[in-house]
Every structure is written in structure tokens, then in C-alpha cells.
Amino acid sequence: MYSAPKGTHDLLPEDLATWHMVENTARSVLEAANFHEIRTPVFESTELFARGVGESTDIVNKEMYSFEKGDRSLTLRPENTAGVVRAYNQHGMDRWPKPVKLYYLGPMFRYERPQAGRQRQFHQLGAELFGLDTPQADAAVILIAMQLFQKLEIPGLALEINNVGCFQCRADFREQLRQVLAPYLGELCGDCNQRYHTNPLRMLDCKNPNCKAIYQKPEVQAFLSQDNTCGECKTHFDSLLGILESLAIPYHHNRMLVRGLDYYTRTVFEITSNHLGAQNAVCGGGRYNGLVKELGGKDTPAVGWALGMERLVSLVKKVEKQAPAYYIASDDVAAALTLAQSIQAAGFATVEVDLSGKNLGKQITQANKLNAQTVLVLGESERAEGSVTIKNMQTGEQQTLPVEAFLKTLAPHSNPAAVV
RNA sequence: GCGAUCGUAGCCUAGUGGUUAAGGCCCCUGAUUGUGGUUCAGGUUAUCGUGGGUUCGAAUCCCAUCGGUCGCCCCA
């Protein structure tokens with residue numbers, strides 16, 4: 001007997017009822033804002049992620065599922081922004097009317113130790129907006145995520161937001177930060193000493209209590225609180241905060257927030273839930289003005305987010321699997337199948353045909369197990385007179401009507417094109 | 001990669017060194033060949049995660065390993 005690989009899960013019909021509701025809600029919210037879906041391959045060249053996500057990131061360093069085929073190295077996508085940017089460049093989307101607004105939904109793969117809210121195969125829904133460098137664009141993108149969460153009635157959410165600056169001022173800031181933290185290197189943990197050289201911004205996010213205490217020291221905090229980004233970045237961020245306020249979106253400016261992907265510039269944000277486990281971010285994103293160019297395209301600003309479907313679905317009220325509207329019980333399976341076709345042509349309804357040929361009592365028992373709302377009895381006498389007996393399973397009441405009359409009671413097809 | 005914790009049928013649980021591993025749910029059959037839910041009778045499903053060790057004897061004790069869950073790291 002086999003079981004699904006570590007860190008992967010089967011999604012069963014009872015799970016997918018909720019997933020479908022979440023997916024449909026997400027599509028409607030995104031498409032209402034004129035975002036359009038894009039589907040990119042599940043694997044891309046390894047180099048795309050190395051360059052796109054960043055050589056110094058954990059994702060690239062230890063979490064990628066990579067494999068060799070022929071003389072090329074391929075990788076199962078650990079995230080989808082790099083793939084979408086690759087497609088943006090490949091298909092000349094810089095010539096599309098701006099902004100270009102895309103969303104995606106699909107499985108991602110990261111080789112990590114599974115825990116609550118973390119799997120090796122998981123699903124992300126993401127939205128990306130290309131071609132605008134304005135704080136309004138940042139706000140619009142954040143607003144959409146908020147609207148989605150609101151529609152899904154997700155409780156206990158908080159928006160954490162920060163400004164990590166542009167490539168120019170971030171380099172300056174890094175240097176200054178190194179100077180501020182240099183005296184404490186001896187007391188800081190090994191990871192932080194490592195990060196001091198590779199990516200000092202990430203030090204601030206360290207969970208080690210010792211390190212945390214050091215970063216809370218007045219000298220360090222004083223440096224951090226003065227907003228060390230350049231004038232343009234600062235203006236951009238202040239303006240964004242103002243827009244969020246006017247949109248009545250509550251936020252927490254968390255100066256320690258740094259994202260683990262290298263491509264972010266200026267705005268980064270995370271939406272967390274207090275109903276999740278240790279992995280409490282439902283949604284993360286930010287601005288990535290350098291990525292399109294980095295991956296070989298025209299210099300194009302962009303902003304976006306990705307949310308974890310498993311985490312999101314776990315926060316949503318469960319949706320029950322749909323029960324059939326009609327259950328056809330008959331000793332003549334061919335006649336039952338014909339009636340089912342007539343029902344589906346006349347109106348949209350789920351129909352289950354009993355294929356067993358067992359006696360009527362067994363067939364109704366089966367209908368009851370499946371929670372069918374209505375049983376249609378098509379027995380010898382009904383067939384003889386071209387009628388059907390309609391039994392309401394809730395009340396037990398039943399009546400016999402001519403088949404034609406019964407079909408007229410059905411709601412007409414909402415989509416006539418779907419009628420075969 | 002590190003740490004904690006748990007593995008008995010599809011699911012839940014009993015059994016804590018001594019026959020053939022017990023019960024509930026689910027599923028199947030019958031009571032019941034034109035009317036369900038209740039009830040009753042019966043049935044299928046477990047090399048007790050796997051491998052090794054201790055013992056006259058192991059689901060039970062020990063070691064290893066695999067898997068689940070949770071946490072660290074990091075992220076959605």
C-alpha cells in the first residue's frame with residue numbers, strides 16, 4: 001500500500017466543496033477588479049528562480065525541487081511571481097495597456113519540514129500588477145486582498161506593512177545597519193552572524209530571544225525608527241499609509257518586517273491571522289520594481305501578493321458537499337437514464353440514477369444515505385402511463401405527475417449553451 | 001537541518017508481559033420483491049507502521065527506522 005509523499009495531501013470531495021467556494025469567490029473578486037488569470041508551467045528553468053527569487057534566499061538555497069533532464073536543470077516552482085514575470089517578458093506584455101493585472105492559482109513546491117500550515121506541495125493564489133510605480137497601485141492591490149478576506153468572513157486578521165527601500169537606499173541602509181549592529185556580533189546567534197554578511201535586514205526578523213532583545217535596544221531602535229530610506233521611497237510609503245487610512249484599512253507599521261524573497265522594493269506587507277498556528281501569514285507580498293528587468297525585460301515596476309490556499313481554506317467556514325437534487329429509482333435503468341437526460345436538458349439539477357436494479361425499498365434507502373432531496377420513482381405503473389412519482393424526502397409526501405408536467409416544474413437552464 | 005510527541009481495521013477507541021487482539025462508526029447481506037430514516041440478525045475489513053533485540057511468551061519492554069502531528073529555521 002502506498003501513501004502520498006511526505007508533506008503532500010489528497011484533497012477529497014468533502015474538502016473540495018470548501019475549496020471551490022473559496023476559489024469561486026477569489027475569481028469573482030479579482031475579475032471584478034479586471035484582473036485576468038494566467039497559468040504558467042509548474043516547472044521552469046532552475047536559473048529563473050535562482051535569479052528571480054534570489055541566490056541568498058532559503059527558498060533557492062535549500063527548498064527547491066530541482067532535477068536534470070538532458071543538459072538542463074529544471075525546478076518545480078516554489079512560488080509563481082518569477083514565472084509570471086518570465087511570461088510577461090516572453091509574451092511582450094510591456095506592449096499591453098497598462099497596468100497589466102494578472103492572477104494565478106495553483107500548486108507550489110518547497111522542500112521543507114511539514115508542520116501546521118506548511119506542506120511540501122501547497123497552493124497559492126496570487127495577484128500581480130505591472131506598470132505602475134504609484135502608492136495608489138500598492139493600495140489597490142492590498143485592497144483586493146482585503147476585499148477577498150472580507151467576503152470570506154475571515155476573522156482575526158492583521159495587516160503588517162513596512163518599507164524596505166529601493167536598491168540604492170537599501171544598500172546604504174544595509175551598510176549603516178551593519179555599523180549599528182557590529183558591536184553586538186559577539187552576542188548574536190550564528191544565523192544572525194551569517195545574515196550580517198549576506199542580508200543584514202533579515203537579522204531584524206530573528207526569533208531568537210537574545211537577538212530580539214538586542215534589536216529592541218534603544219540605540220538600535222533609534223536608528224530603525226528614523227526611516228532610513230531615501231526621500232522618494234519615504235514619500236511613496238507615507239503616501240501609501242495615507243491612502244490605507246482613507247480606505248479605512250487598519251495596518252501596523254512593523255519596521256522589523258522583512259520578506260524572505262530578495263526581489264521586494266519599497267513596500268512589503270503580510271496579512272496574518274491569529275487563528276492559525278505558528279505559520280500565521282495568510283498572505284504576503286509587496287512591490288518588486290527591479291524584477292522584470294532583472295529577468296531580461298524592460299524596466300517595469302510591479303506590485304503583488306500571494307496567499308496560501310490551505311491556510312485560507314482552514315480559516316473559512318466549511319461548505320457541505322452537494323447532495324443530489326434528484327434520485328431516480330427504477331427497475332428499468334435505461335428508462336431512468338432517459339429521464340435523467342430529460343431533467344438535465346430541461347433545467348440545471350444534479351441527478352443520481354440508481355444503477356443497481358434492486359427493489360424500490362433498497363433504492364430509496366440508498367437515496368436517503370446520499371441525502372437526496374427528491375426521489376423520482378419510475379416503476380412499472382409510471383412507465384405504463386408516462387408519469388413519474390415525485391417523493392419529497394424531507395416530508396415523505398409524494399405525488400404522481402405526467403413526465404412532461406414534471407419537467408415543466410424545473411427551473412430553466414441558466415446557461416442555455418450548456419444544454420446538450 | 002534541529003527538537004518534541006504519537007503510530008492497534010477506512011474512521012474512533014479498548015487492551016500496559018500470558019489462549020484465536022475487543023468494541024463502536026462506516027460498508028455489505030437478510031428480516032423487507034412498489035416506498036427511506038428506527039430496530040433486529042448476520043457478514044467483510046488488523047502480518048498491532050516496519051526491522052531487529054530482550055523473554056518460555058511482546059500490541060505491551062529496549063534499539064533502530066519510516067510515517068503523522070506540533071515547534072525551531074523560513075515562508076503562503
Side-chain angles (χ1 to χ4, degrees), chain A residues 1-9 12 14 53 56-63 77-81 104-126 145 189-192 194-195 199 202 205-209 211 257-261 268-273 276-285 304-315 327 329-331 354 356-383 389-398 400:
Chain A
M1 178 115 88
Y2 296 99
S3 53
K6 185 170 185 159
T8 68
H9 285 299
L12 304 178
E14 61 191 72
V53 179
S56 77
T57 62
D58 278 5
I59 291 180
V60 169
N61 281 316
K62 47 185 204 191
E63 296 175 5
R77 61 184 185 193
E79 58 97 59
N80 206 16
T81 298
Y104 59 81
L105 172 59
M108 307 295 156
F109 308 86
R110 292 183 199 173
Y111 185 77
E112 295 182 275
R113 199 68 171 266
Q115 68 182 76
R118 168 184 292 162
Q119 296 167 224
R120 290 182 173 182
Q121 180 180 170
F122 62 104
H123 296 78
Q124 281 189 335
L125 168 73
C189 71
D191 282 338
C192 278
Q194 181 69 36
R195 288 187 281 233
N199 194 348
R202 298 259 296 278
D205 223 12
C206 187
K207 302 292 189 297
N208 182 310
C211 303
L257 179 67
V258 183
R259 318 237 58 242
L261 291 79
V268 296
F269 62 91
E270 213 169 82
I271 298 170
T272 59
S273 163
L276 292 169
Q279 310 304 320
N280 65 351
V282 209
C283 179
W305 48 253
L307 65 80
M309 285 295 288
E310 282 80 359
R311 292 180 191 178
L312 180 57
V313 167
S314 77
L315 294 170
Y327 191 97
S330 177
D331 54 332
D354 193 306
S356 72
K358 288 178 188 164
N359 70 53
L360 186 59
K362 298 283 184 217
Q363 295 197 24
I364 290 179
T365 301
Q366 193 63 22
N368 188 54
K369 277 184 198 162
L370 296 184
N371 262 316
Q373 295 155 31
T374 305
V375 171
L376 301 176
V377 179
L378 191 60
E380 208 174 333
S381 56
E382 284 89 353
R383 290 205 307 283
T389 296
I390 301 128
K391 178 183 178 69
N392 181 321
M393 290 296 281
Q394 228 83 75
T395 63
E397 287 164 12
Q398 63 182 51
T400 303

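Per chain, numbering begins at 1; letters A, B, ... match sequence-line order.
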(message) Quick check for you: to the nearest 0.5 Å, what is the distance between L376(A) atom CG and D354(A) atom CG?
(response) 12.0 Å
(message) Here's a test of your reading of the structure: between K62(A) and Q124(A), which maps to the more 5' nucleotide of RNA chain B?
(response) K62(A)
(request) Hey, which sits more toward the 5' end of RNA chain B by its nearest nucleotide, Q119(A) or Q394(A)? (result) Q394(A)
[atom1] of [X] versus [atom2] of [N]: gap in Å, rounded?
X: R383(A); N: G34(B); atom1: CZ; atom2: P; result: 13 Å
X: L360(A); N: G34(B); atom1: CG; atom2: C1'; result: 5 Å
X: Y104(A); N: A76(B); atom1: OH; atom2: P; result: 9 Å
X: N359(A); N: G30(B); atom1: CG; atom2: P; result: 8 Å
X: N368(A); N: G34(B); atom1: CG; atom2: C1'; result: 17 Å
X: I390(A); N: G36(B); atom1: CD1; atom2: C1'; result: 18 Å

Please pick, from [options], the nucleotide with the shortest atom-to-atom distance to any side-chain atom of [X].
X: K6(A); options: G67(B), G1(B), A76(B); result: G67(B)
X: T389(A); options: G36(B), A76(B), G34(B); result: G34(B)
X: F122(A); options: G68(B), G1(B), A76(B); result: A76(B)
X: K362(A); options: A76(B), G30(B), C2(B); result: G30(B)

Suppose you measure atom [atom1] in [N] against the same atom in [M]; what distance do you get, rounded to whole Å?
N: A4(B); M: U20(B); atom1: C1'; value: 39 Å
N: G43(B); M: C48(B); atom1: P; value: 23 Å
N: U50(B); M: G7(B); atom1: P; value: 14 Å
N: G68(B); M: U8(B); atom1: C1'; value: 15 Å
N: G37(B); M: A22(B); atom1: P; value: 31 Å
N: G23(B); M: A46(B); atom1: P; value: 15 Å
N: U47(B); M: C62(B); atom1: P; value: 24 Å
N: C40(B); M: C72(B); atom1: P; value: 50 Å

Going by heavy atoms in the side chains, are [X] and [Y] under 4.5 Å from each other?
X: P107(A); Y: H123(A); result: yes
X: T400(A); Y: I390(A); result: no
X: M393(A); Y: I364(A); result: yes
X: R383(A); Y: S330(A); result: yes
X: L276(A); Y: V282(A); result: yes
X: R311(A); Y: F122(A); result: no

Hey, does the side chain of [X] come within less than 4.0 Å of [N]'s phosphate (OP1/OP2), counting only N and O?
X: Q279(A); N: C72(B); result: yes
X: K369(A); N: C28(B); result: yes
X: K358(A); N: U29(B); result: yes
X: H9(A); N: U69(B); result: yes
X: Q115(A); N: C72(B); result: yes

Need one value for [X]: base, sugar-phosphate or nothing, where a base atom within 4.0 Å counts as base even if backbone is also close, heavy atoms only.
X: E112(A); result: base
X: V377(A); result: base
X: G277(A); result: sugar-phosphate
X: G379(A); result: base
X: G357(A); result: nothing
X: A306(A); result: sugar-phosphate
X: M393(A); result: base
X: E270(A); result: nothing

Let's test this: given Watson-Crick or G-U wobble pairing with both distances under 3.5 Å, identify the partner of [N].
N: G67(B); value: C6(B)
N: U29(B); value: A41(B)
N: G1(B); value: C72(B)
N: C56(B); value: G18(B)
N: C11(B); value: G24(B)

(message) Quick test of your reading of the model: are K391(A) and E397(A) salt-bridged, counting only N-O distances below 4.0 Å?
(response)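 Not counted as a salt bridge, because no side-chain N and carboxylate O are separated by less than 4.0 Å.
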Is it the case that the base of [N] and the side chain of [X] share a donor-acceptor contact (distance under 3.5 Å, atom types as modelled)?
X: Q398(A); N: U35(B); result: yes
X: S381(A); N: G34(B); result: yes
X: E382(A); N: G34(B); result: yes

(message) Ring of F109(A), cation from R120(A) - is the NZ or CZ under 6.0 Å from the centre and inside 45° of the axis?
(response)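 Relative to the ring axis of F109(A), which defines the angle, R120(A) lies outside at least one limit.
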